[in-house]
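Everything below concerns the one structure shown next.
Scope of the values below: all heavy atoms of this structure, side chains included, with no hydrogens, waters or symmetry mates. The structure displayed is predicted, hence computed values, not measured ones.
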Amino acid sequence: MTVIGERVPRSDGQTKVSGEAIYGVDYAEPGMLWGALLRSPVSAGRITRLDTTAAAAMPGVHAVLTAADAPDVHAGWVLRDQRLFATDAVRYEGQPIAAVAADTLAQARAAAAAIVLEIEPLPAVVDLVRAMAPDSPLVHPGWESYVPAAGPDFPRRGNIAAECIADPPGVDEAFARAHRVISDEFVAQRQYQAYIEPKSAVGIFRDGRYTVHTAHQFPYNVRDRVSQFLDVRPSAVRVVGHTIGGGFGAKLDASLEPYAALLSKVVGGSAVKLVNTRTEDLLTCPCRENALTRLRSAVDADGNILARELEVIADNGAYSGEMPWLASIALHCARGVYRCGPTRVVSRLMYTNTAPTGAFRGVNGTYLYHAVERHMDHIATELGLDRRDYRLQQLITDGAEMPNGQVLADAGILREGFDAVESVAPWAELQAGRRPYRGIGIGAAWWVTNPMPGTAVVKLHEDGTVAVITAATDNGSGAVSMGVTQIVAERLGIPPTDVFVTMPDTDVAGFDAGSQGSRTTRIVGKASQLAADEVVEKLRGVAAGLLEAAADDLEVADGTVRVKGVPGNSIPIAEVAVAATNTVGPVQGTGSFVTPFPDFNPGCATGLMFPSFPTPTYHVHLAEVEIDPVTGNVRVLRYVVAQEVGRVISPDGTYGQVMGGVTQGIGYALHESLRIGEDGRYRERTLESYRLPLATDIPRVEFVPLEHPDPDGPFGAKGVAESPVLLPAAVIANAVSDAIGAPLNHIPIIPEDVLAAIQGSAGDVRSDEEVAP
């Protein structure tokens with residue numbers, strides 16, 4: 001009996017729905033103190049006075065820390081450009097300036113509020129284009145002193161935190177001979193991950209080591225960042241994971257953890273807990289960045305794209321996090337999934353006086369594909385071509401070479417995706433049945449499965465159940481509680497209910513690169529499968545003596561070790577486990593896995609820090625919308641997804657991730673934004689003002705999985721969870737523009753812009769430059 005592809009309950013479902021699960025925000029230690037941070041109220045300024053005397057004397061206060069009490073070091077994931085506390089300058093609203101530990105949370109917050117802080121405001125660097133100007137103030141006047149955390153340096157200068165440029169020959173010549181040059185400009189705002197559980201941490205310093213309890217997507221990254229900030233070896237930090245109430249990329253880097261750890265050391269080893277208020281979380285979360293994208297294509301009379309230029313200016317915020325890696329992704333998305341001549345790409349990441357940005361499901365692919373797919377609609381419209389037919393005409397096929405030189409041997413799956421969507425939602429019928437203020441949009445994408453390494457240990461208990469020891473986290477996706485669980489159960493021939501996966505602990509489990517980029521089921525699942533393979537071999541070796549048969553003649557299935565072809569000649573796994581424990585020792589296996597990067601051309605671009613897309617997957621989305629011409633509100637009537645997944649391990653988990661990703665994509669397209677004022681401060685400061693979509697705003701997604709098993713994946717699996725968020729903004733924007741007959745190139749699409757477009761005064765400007773053939 002197989003469990004791969006079957007509907008299996010989540011292993012953590014009961015504890016979560018019953019309220020028994022201990023989330024990070026719930027965790028407490030006996031005698032625990034509470035911490036609070038004093039954060040900058042302005043986005044740019046010079047600290048002129050900082051007096052903690054009154055705060056330190058308040059009842060219940062055990063410690064008040066500032067930069068003077070922390071190691072004099074810089075830290076960072078990619079670039080060491082961050083201090084634990086602001087020193088002489090503040091660079092974004094919410095930047096920590098001091099920390100307090102007290103007996104109660106109320107006392108800690110009162111003491112933080114009692115700290116005397118005076119800041120001389122300075123002009124905030126906010127506008128992305130202005131930040132590049134030679135006379136712009138520098139967010140980091142000492143930027144040259146920052147060193148990479150690991151690896152070689154990368155292109156950066158002034159307010160440019162990272163830069164990736166590809167400039168192949170032939171671009172200008174193609175534009176010169178084009179029949180038509182079509183240009184667009186796109187603007188995307190920031191998006192907050194809006195997870196259920198705000199960030200929290202409990203820090204403990206005992207016996208010369210730090211232990212941190214946290215609900216986090218990447219425990220090993222927390223370990224490394226705490227060790228950097230506190231200037232100790234990574235082995236001096238232990239990170240213990242807990243049930244996590246969502247992350248979506250915002251919990252990949254350290255946040256409160258180093259402050260809790262340092263406070264514990266200063267107060268003599270008592271545990272110290274910090275918890276963000278929702279406003280603190282919103283103001284300081286590494287949200288999806290805002291960006292300006294410009295596209296320009298040279299086309300011939302038939303619509304073939306002779307050359308393309310793409311420019312992206314993205315907001316890094318005040319510090320870098322993992323963002324420098326993401327500057328490279330523009331190169332991989334510049335053509336989308338369509339045939340195109342030489343492609344010039346200039347991608348810049350800008351320092352500004354705003355909260356540092358970071359990963360959000362799909363990272364910058366959301367606005368890059370929005371730009372590419374809106375641009376494809378524009379080209380088709382200008383040439384009088386059907387938008388779907390034009391895409392099929394230009395679609396890449398097997399063996400296509402991307403701008404980085406990576407060859408996509410299986411790109412023909414894209415056509416299968418278009419056909420799958422067509423079978424569910426025929427384009428001609430949708431066009432024929434259109435009513436006023438209704439529109440349809442379609443788009444396609446390719447995407448990466450994060451390749452970073454993972455490990456797992458599968459330990460067989462004497463009762464025939466198994467434990468999987470891994471530092472991987474299940475941040476709600478089911479990748480561990482269903483995916484890894486089912487993979488191990490399938491390999492060992494036992495029920496998924498007999499597989500138990502431990503919570504992450506960096507002292508116990510081997511390295512894992514965290515819950516990011518759809519990697520957990522593929523990478524950790526593969527590592528777990530390899531570990532289970534070792535268990536199988538050990539079981540066969542022990543059982544050979546018990547069954548008086550050759551090990552090669554045995555198989556592990558249905559909870560037994562048995563002679564192949566003779567099911568009656570078998571012995572339960574539990575009995576073999578007991579025999580092994582008392583003879584050769586307990587049975588366990590270890591597995592590690594990492595996906596190598598595909599071949600690419602290293603000379604294709606400068607600053608190419610993310611060089612290629614390992615384990616690519618392919619996606620086609622369609623949306624149908626309806627516009628209220630009185631209010632400007634947009635309603636998504638229908639949403640269809642065809643997604644290549646390798647192989648479905650868990651149908652419920654797969655569909656849940658597609659539905660969830662599309663939901664966040666609809667929020668991004670129509671509702672959510674963190675707008676930044678000229679002073680660098682967010683205008684939306686609570687969930688009440690931040691417009692999350694409601695259940696009534698989301699249609700049930702019609703999903704067609706495309707299965708093409710990957711020989712390197714566990715039972716053929718590829719990544720699933722991240723890519724469904726890539727295309728909703730693109731196809732919804734295409735559908736809205738189709739419905740009103742006018743382009744809308746801003747994310748999110750707000751009712752005011754829709755009404756302005758209907759009334760003929762849209763703010764979007766698209767220019768067409770006629771060129772003689």
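Judged purely by atom type and a 3.5 angstrom limit, K273 has no side-chain atom pairing as donor or acceptor with the backbone of L105. Under a 3.5 Å cut-off, the side chain of S347 and the backbone N or O of A330 do not form any donor-acceptor pair. A donor-acceptor distance shorter than 3.5 angstrom exists from the side chain of T663 to the backbone of M659, with no hydrogens or angles considered. Remark: the backbone N or O of L252 is paired with a side-chain donor or acceptor of N221 at under 3.5 angstrom. Between the Y220 side chain and the G514 main chain, no donor and acceptor come within less than 3.5 Å of each other. Looking only at distances, a side-chain donor or acceptor of K199 sits under 3.5 Å from a matching main-chain atom of A250. Looking only at distances, no side-chain donor or acceptor of D505 sits under 3.5 Å from a matching main-chain atom of V240. Put simply, the side chain of D12 never gets that close to the backbone of S481: no donor and acceptor are under 3.5 Å apart. Side chain of S477 to main chain of A479: a donor-acceptor pair is present (N/O by atom type, distance under 3.5 Å, no hydrogens or angles). In terms of modelled atom types and a separation under 3.5 Å, the side chain of E120 and the main chain of T48 share no donor-acceptor contact.
Looking at every heavy atom in both residues, G719 comes nearest to T449 through N-OG1, 3.3 Å. Contact record, L117 with P41: CD2-CD, 4.0 Å, taken as the closest heavy-atom pair. Among all heavy-atom pairs drawn from L79 and S320, the shortest one is CD2-OG, 4.2 Å. Smallest separation of non-hydrogen atoms from G362 and L726: O-CD2, 3.8 Å. Residues L283 and A355 come closest through the heavy atom pair O-CB, 3.3 Å. Taking both residues in full, the closest heavy atoms of G665 and V725 are given as N-CG2, 3.7 Å, listed atom of the first, atom of the second, then distance.
A salt bridge does not link R223 to D507: none of the charged nitrogens lies less than 4.0 Å from a carboxylate oxygen. A salt bridge links R39 with E280: at least one charged nitrogen is closer than 4.0 Å to a carboxylate oxygen.
Using a 4.5 Å heavy-atom threshold, the side chains of V202 and E29 count as touching. I244 is not listed as a side-chain neighbour of Y23, based on a closest heavy-atom distance of 4.5 Å or more. Between I160 and L349 there is no side-chain heavy-atom pair separated by less than 4.5 Å. The shortest side-chain heavy-atom distance between E678 and V126 does not fall under the 4.5 Å cut-off. Side-chain contact between T366 and N364 is absent, with no heavy-atom pair separated by less than 4.5 Å. Proximity of L262 to F229: side-chain heavy atoms (C-beta onward) are nowhere separated by under 4.5 Å. Counting heavy atoms from C-beta outward, D697 and V636 have side chains that stay 4.5 Å or more apart. L687 is listed as a side-chain neighbour of Y192, based on a closest heavy-atom distance under 4.5 Å.
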Take E684 and R675 through the salt bridge (Lys or Arg N to Asp or Glu O under 4.0 Å) test and state the conclusion after the steps. CA-CA 7 Å; E684 287 77 24; R675 296 173 299 167; 2.7 Å; yes
Full working for side-chain hydrogen bond (donor to acceptor under 3.5 Å, both in side chains) between Q657 and R361: CA-CA 11 Å; Q657 289 311 295; R361 191 181 203 163; 2.9 Å; yes
Residue pair H216, V239: steps toward the side-chain contact (heavy atoms from CB on, under 4.5 Å) verdict: CA-CA 10 Å; H216 204 271; V239 177; 5.8 Å; no
Show your reasoning for whether side-chain hydrogen bond (donor to acceptor under 3.5 Å, both in side chains) applies to D753 and H746. CA-CA 9 Å; D753 288 345; H746 286 65; 5.4 Å; no
Would you please test V484 and T521 for side-chain contact (heavy atoms from CB on, under 4.5 Å) and show each step? CA-CA 6 Å; V484 171; T521 297; 5.7 Å; no
Can you list the steps and then say if I119 with I97 is a side-chain contact (heavy atoms from CB on, under 4.5 Å)? CA-CA 11 Å; I119 298 176; I97 295 173; 4.3 Å; yes
Go through the steps to decide whether K265 and D69 satisfy the test salt bridge (Lys or Arg N to Asp or Glu O under 4.0 Å), and finish with yes or no. CA-CA 11 Å; K265 180 179 181 181; D69 305 295; over 6 Å; no
Pair Y367-N290, side-chain contact (heavy atoms from CB on, under 4.5 Å): steps then yes or no: CA-CA 9 Å; Y367 59 78; N290 52 300; over 6 Å; no
Dump the intermediate steps for side-chain hydrogen bond (donor to acceptor under 3.5 Å, both in side chains) on R190 and T354, then the final yes or no. CA-CA 11 Å; R190 295 189 176 194; T354 62; 2.6 Å; yes
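In this structure, CD1 in I313 is found 7.5 Å from CE in M350, a value given to the nearest 0.5 Å. Rounding to the nearest 0.5 Å gives a distance of 15.0 Å between OH of Y690 and CZ of R685. Here the straight-line distance linking atom CZ of R83 with atom CG of D81 works out to 12.0 Å at 0.5 Å rounding. The distance from the CD atom of E672 to the CZ atom of R691 is 9.5 Å, given to the nearest 0.5 Å. Taking CG of L138 as the start and CG of N159 as the end, the distance is 5.0 Å to the nearest 0.5 Å. In this structure, CZ in R681 is found 13.5 Å from CG in L674, a value given to the nearest 0.5 Å.
Between H242 and H213, the two ring planes are tilted [angle within 30° to 60°]. Between H74 and Y146, the two ring planes are tilted [angle within 30° to 60°].
More than 12 heavy atoms of other residues, nucleotides or ligands shown are found within 6.0 angstrom of CD on E20. Around the CZ atom of R46, the shell of radius 6.0 Å holds no more than 12 heavy atoms that belong to other residues, nucleotides or ligands.
Looking at Y351 and R91, their side chains never bring a donor and an acceptor atom within 3.5 Å of each other. Neither side chain, Q189 nor Y668, offers a donor N or O lying under 3.5 Å from an acceptor on the other. For the residue pair T352 and D315, a side-chain donor N or O sits within less than 3.5 Å of a side-chain acceptor on the partner. In summary, the side chains of E722 and W447 do present a donor paired with an acceptor at a separation below 3.5 Å, with no hydrogens or angles considered. Judged by distance alone, the side chains of S43 and E93 never bring a donor and an acceptor atom under 3.5 Å apart.
For H140 and Y319, the ring centers are positioned less than 6.0 Å apart.
Geometrically, K251 engages Y195 in a cation-pi contact, judged by NZ or CZ lying under 6.0 Å from the ring centre and within 45° of the ring axis.
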